[in-house]
Amino acid sequence: MRRGISVAAVVGVLALTATACGGGGDSGSDGSKAAQDPGSVSGTITWWDTSDATNEAPAFKKLVAAFEAKYPKIKVEYVNVPFDQAQQKFKTAASTGKGAPDVLRSDVGWTPGFAQLGYLKDLTGTPALDKSEDFLEGPLKNAAYQGKTYGVPQVTDTLGLLYNKELFQKAGVDKAPANWQEVKDAAAKIKDKTGAEGIGLSPDSYYSLPFLYGEKSDLVDADKKKITVSNAASRKGIETAVDLVKSGAAPKPAGTDGYNVLKTDFKNGKLAMLIDGPWATKEIFGGDAYKSRENLGIAPVPAGSTGTAGAPVGGHNLVVYAGSKNFDASYLFTQFMTEAAQQENVSNAIGVLPTRKSAYTKAVLDDPVRSAFHNALDKAHPRPPIPQGGDLFTDWLQHYTKILTLKEEPKEGMDATAKAWQSALLKDYGIEE
């Protein structure tokens with residue numbers, strides 16, 4: 001993956017940023033049409049939506065149509081960009097100044113890095129960041145970098161233990177496992193009594209985080225400037241995941257498209273447990289095993305040997321490209337798409353979690369899935385607040401997939417990941433043993 005940009009590109013980005021910031025301050029005094037006369041704003045903007053094209057994008061497309069109806073002088077060119085391609089695609093477009101969208105749905109882990117590179121407009125005080133006091137504290141922090149806000153939180157999430165209540169009942173498992181040993185025990189009973197597999201572990205590196213947090217570790221310690229992915233505690237966490245596979249509690253995931261294979265097995269009743277987030281529930285409820293929605297149980301992710309359980313805070317921000325030719329339309333679009341009414345609408349349609357406090361209406365919280373994940377957010381673990389946060393998963397993905405598919409030993413893969421980070425991403429960090 002490309003890590004840097006040319007000197008010429010840097011100069012170009014700085015020029016774009018200077019131009020973008022030249023309009024000034026908050027929505028009440030910057031003199032922009034978006035602030036003073038939104039109905040007069042016109043033109044075309046492009047939005048790169050990185051949501052799931054099948055299960056989520058249709059709901060966002062409806063919001064785009066609603067926005068265009070409210071602002072008939074503005075046209076939105078909608079592009080669905082696969083999530084696993086979007087980060088690098090945006091970097092390439094922004095660094096060359098060719099083809100970048102006006103607005104991007106950015107993973108929270110990407111936002112600080114894009115901001116550091118000068119690719120994003122500072123939205124502090126602009127109409128895009130409307131009623132900032134209404135946002136949940138965690139998502140709003142995830143949209144900031146060095147005291148400025150570069151994104152507007154659109155959705156948030158965390159991970160939980162999803163389980164099939166009917167399979168649990170048939171196997172005589174009367175409660176959700178609270179730690180990984182209980183997961184092993186439950187999986188053995190379920191396989192013996194029902195023939196179903198135990199727990200699905202995605203080989204995507206994001207899903208490794210609960211195993212690290214369960215040992216009170218993380219990918220990095222930003223305060224101490226230490227790489228911790230390969231320290232003793234992290235190794236213990238990943239060895240726990242490997243033990244689940246080796247013991248048969250978890251089926252060995254496929255190296256390619258492993259996450260989707262596991263999700264399909266879970267929704268059709270071939271798999272009793274799955275670590276996943278609220279975004280997955282719309283598809284799961286379409287499966288044979290969940291024709292009755294009440295069959296889906298949701299519990300906190302299991303704890304590690306320290307007794308600690310933790311899942312990451314995830315989600316997406318809407319960010320505005322620093323080189324946009326139409327900031328006014330971009331501000332209005334970002335504002336509209338993140339309003340409480342729109343967040344409630346999308347939450348009810350596809351199950352994602354809102355980022356605004358006022359969007360947690362009775363209709364949203366009456367749903368047991370959203371209520372369970374909303375409660376889990378209080379204990380969710382923040383992501384490392386560093387620009388390289390989104391890039392850390394790239395090297396780790398290659399090794400974690402090999403580790404979980406039993407093609408590489410944990411220590412080998414984790415040491416290689418730490419060295420790769422130190423040589424390219426975190427040159428001023430030490431490696432914690």
Which is it for Phe211 and Trp180 under the ring-ring contact (aromatic ring centres under 6.0 Å, His included) test, yes or no, and what are the steps along the way?
CA-CA 9 Å; Phe211 291 100; Trp180 297 115; 4.3 Å; yes
Nearest 0.5 Å please: distance from the [atom1] atom of [X] over to the [atom2] atom of [Y].
| X | Y | atom1 | atom2 | result |
| --- | --- | --- | --- | --- |
| Glu137 | Thr355 | CD | OG1 | 13.5 Å |
| Leu353 | Leu377 | CG | CG | 5.5 Å |
| Lys75 | Asn326 | NZ | CG | 14.5 Å |
| Thr126 | Tyr331 | OG1 | OH | 5.0 Å |
| Tyr163 | Leu271 | OH | CG | 15.0 Å |
| Thr92 | Gln87 | OG1 | CD | 10.5 Å |

Using the benzene-type ring in the case of Trp, are the ring centres of Tyr119 and Tyr321 under 6.0 Å apart?
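Between Tyr119 and Tyr321, the centre distance exceeds or equals 6.0 Å.
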Main-chain N/O of [Y] paired to [X] side chain as donor or acceptor, under 3.5 Å:
| X | Y | value |
| --- | --- | --- |
| Ser234 | Ser230 | no |
| Asp102 | Thr46 | yes |
| Thr50 | Arg105 | yes |
| Thr401 | Gln398 | no |
| Gln388 | Leu425 | yes |
| Thr124 | Thr149 | yes |
| Ser205 | Trp396 | no |
| Asn375 | Ser371 | yes |
| Asp328 | Ala34 | yes |
| Arg356 | Lys131 | yes |

Test item: [X] and [Y] side chains (from C-beta on) under 4.5 Å apart, heavy atoms:
| X | Y | result |
| --- | --- | --- |
| Val245 | Thr405 | no |
| Val352 | Thr156 | no |
| Leu161 | Ile199 | yes |
| Leu426 | Ile386 | yes |
| Glu197 | Asp265 | no |
| Trp47 | Pro101 | no |
| Ile350 | Phe60 | yes |
| Glu409 | Ile403 | no |

Any Lys/Arg nitrogen of [X] or [Y] sitting under 4.0 Å from an Asp/Glu carboxylate oxygen of the other?
| X | Y | value |
| --- | --- | --- |
| Asp107 | Arg383 | yes |
| Arg293 | Asp367 | yes |
| Glu56 | Lys282 | no |

Verify side-chain contact (heavy atoms from CB on, under 4.5 Å) between Val152 and Asn317, making sure each step is shown before the conclusion.
CA-CA 5 Å; Val152 183; Asn317 304 316; 6.0 Å; no
[X] versus [Y], closest heavy-atom pair with distance:
| X | Y | value |
| --- | --- | --- |
| Ala359 | Ala340 | CB-O, 3.8 Å |
| Ala69 | Pro72 | O-CD, 3.7 Å |
| Ala196 | Leu167 | CB-CD1, 3.9 Å |
| Leu120 | Ala115 | CD1-N, 3.9 Å |
| Gly390 | Trp110 | CA-CD1, 3.9 Å |
| Gly200 | Leu274 | O-CD1, 3.8 Å |

Between Lys91 and Asp391, does a salt bridge (charged side-chain N to carboxylate O under 4.0 Å, His left out) hold up when you go through it step by step?
CA-CA 12 Å; Lys91 279 186 175 181; Asp391 293 321; 3.1 Å; yes
Aromatic ring pairing Tyr71/Phe67, orientation class (parallel under 30°, perpendicular over 60°, tilted between)
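Because their plane-to-plane angle lies in the 30° to 60° range, the rings of Tyr71 and Phe67 count as tilted.
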Any chance you could lay out the side-chain contact (heavy atoms from CB on, under 4.5 Å) test for Lys184 and Leu244, step after step, and finish with the verdict?
CA-CA 7 Å; Lys184 284 180 68 174; Leu244 289 171; 3.3 Å; yes
Checking side-chain polar atoms at under 3.5 Å, does [X] have a donor or acceptor matched by the opposite partner on [Y]?
| X | Y | answer |
| --- | --- | --- |
| Asp49 | Tyr78 | yes |
| Ser358 | Asp134 | yes |
| Gln169 | Glu166 | no |
| Asp276 | Tyr259 | yes |
| Thr338 | Gln154 | no |

Test log, rule side chain to side chain donor-acceptor pair (under 3.5 Å), inputs Glu215 and Ser217:
CA-CA 5 Å; Glu215 302 304 326; Ser217 191; over 6 Å; no
Is it true that the NZ or CZ of Lys89 lies under 6.0 Å from the centre of Trp48's six-membered ring and within 45 degrees of the ring axis?
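Yes, Lys89 sits over the ring of Trp48.
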Start with the C-alpha gap between Lys70 and Phe336, add the side-chain angles, then the distance that decides, and say whether side-chain contact (heavy atoms from CB on, under 4.5 Å) holds.
CA-CA 10 Å; Lys70 182 175 181 178; Phe336 179 86; 4.1 Å; yes
Derivation of the ring-ring contact (aromatic ring centres under 6.0 Å, His included) call for Phe266 and Tyr290
CA-CA 10 Å; Phe266 180 74; Tyr290 300 96; 5.3 Å; yes
Dump the intermediate steps for ring-ring contact (aromatic ring centres under 6.0 Å, His included) on Phe393 and Tyr400, then the final yes or no.
CA-CA 9 Å; Phe393 292 100; Tyr400 186 62; over 10 Å; no
Pair Asp288, Lys267 - check salt bridge (charged side-chain N to carboxylate O under 4.0 Å, His left out), show working.
CA-CA 7 Å; Asp288 292 340; Lys267 74 179 184 180; over 6 Å; no
Salt bridge (charged side-chain N to carboxylate O under 4.0 Å, His left out) partners of Lys263, counting only residues at least two apart
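Lys263 satisfies salt bridge (charged side-chain N to carboxylate O under 4.0 Å, His left out) with Glu283 only.
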Kindly indicate, with the supporting measurements, whether the criterion side-chain contact (heavy atoms from CB on, under 4.5 Å) is fulfilled by Thr44 and Ile74.
CA-CA 6 Å; Thr44 299; Ile74 303 174; over 6 Å; no
